[in-house]
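Below is one structure, written out as structure tokens; the observations come after it.
Throughout, residue positions are numbered sequentially from 1 according to the sequence presented. In listed order, ligands and their atoms are each counted from 1.
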Amino acid sequence: MATVLLVEDHPMNRKLFRDILGFEFEQVIEAETAAAAREILLQTRPDLILMDIQLPDLDGISFVREIKAQPMLASIPIIAVSAHAMKQDIDQARAAGCCDYVTKPITDDPFVLLERLKRSMISARPSS
Ligand code: MN
């Protein structure tokens with residue numbers, strides 16, 4: 001069981017994700033803004049971050065770069081969530097350090113989506 005940080009400003013999307021993530025994650029921490037997520041990341045190291053790319057106070061790509069630049073947080077897998085699904089959007093998210101890209105609205109079967117999230121956490125685990 002693991003902790004996920006959900007950074008998403010839209011209440012309906014948060015509820016949808018919360019319901020899906022509840023099947024797999026022990027703890028779902030929610031942040032509506034980059035500022036709120038920053039506060040949480042000072043105290044908690046989640047196993048996974050779901051990052052809305054359109055946040056009210058900062059674009060999600062810049063925020064991903066900011067997180068990836070912090071040695072304590074850099075290895076946390078981040079999955080971008082966006083309504084934009086153009087190749088250039090996906091490439092930009094990957095270049096910033098996102099390991100996967102989920103398109104809104106969420107149409108995946110919830111368990112297919114959870115498998116994707118789990119795969120990202122497994123790939124991020126350091127091999128020993
Ligand atoms: Mn948004």
>> I'd like to check the side chain to side chain contact (heavy atoms under 4.5 Å, CB included) partners of Ala36; sequence neighbours left out, ordered by chain and number.
In response: Ala31, Thr33

> Taking just the N, O or S atoms of Asp52, which one is nearest to the Mn ion (ligand 1)?
Replying inline: OD2

> With no hydrogens and no angle check, is any side-chain donor or acceptor of Arg45 less than 3.5 Å from a backbone partner on Met72?
Replying inline: yes

>> Any N/O/S atom from Asn13 (main chain or side chain) under 2.8 Å of the Mn ion (ligand 1)?
In response: no

> Does any N, O or S atom of Asp9, backbone or side chain, fall under 2.8 Å from the Mn ion (ligand 1)?
Replying inline: yes

>> Can you tell whether the side chains of Arg119 and Asp100 come within less than 4.0 Å, N to carboxylate O?
In response: no

> Is any side-chain N of the basic residue among Arg14 and Glu8 closer than 4.0 Å to the acidic one's carboxylate O?
Replying inline: no

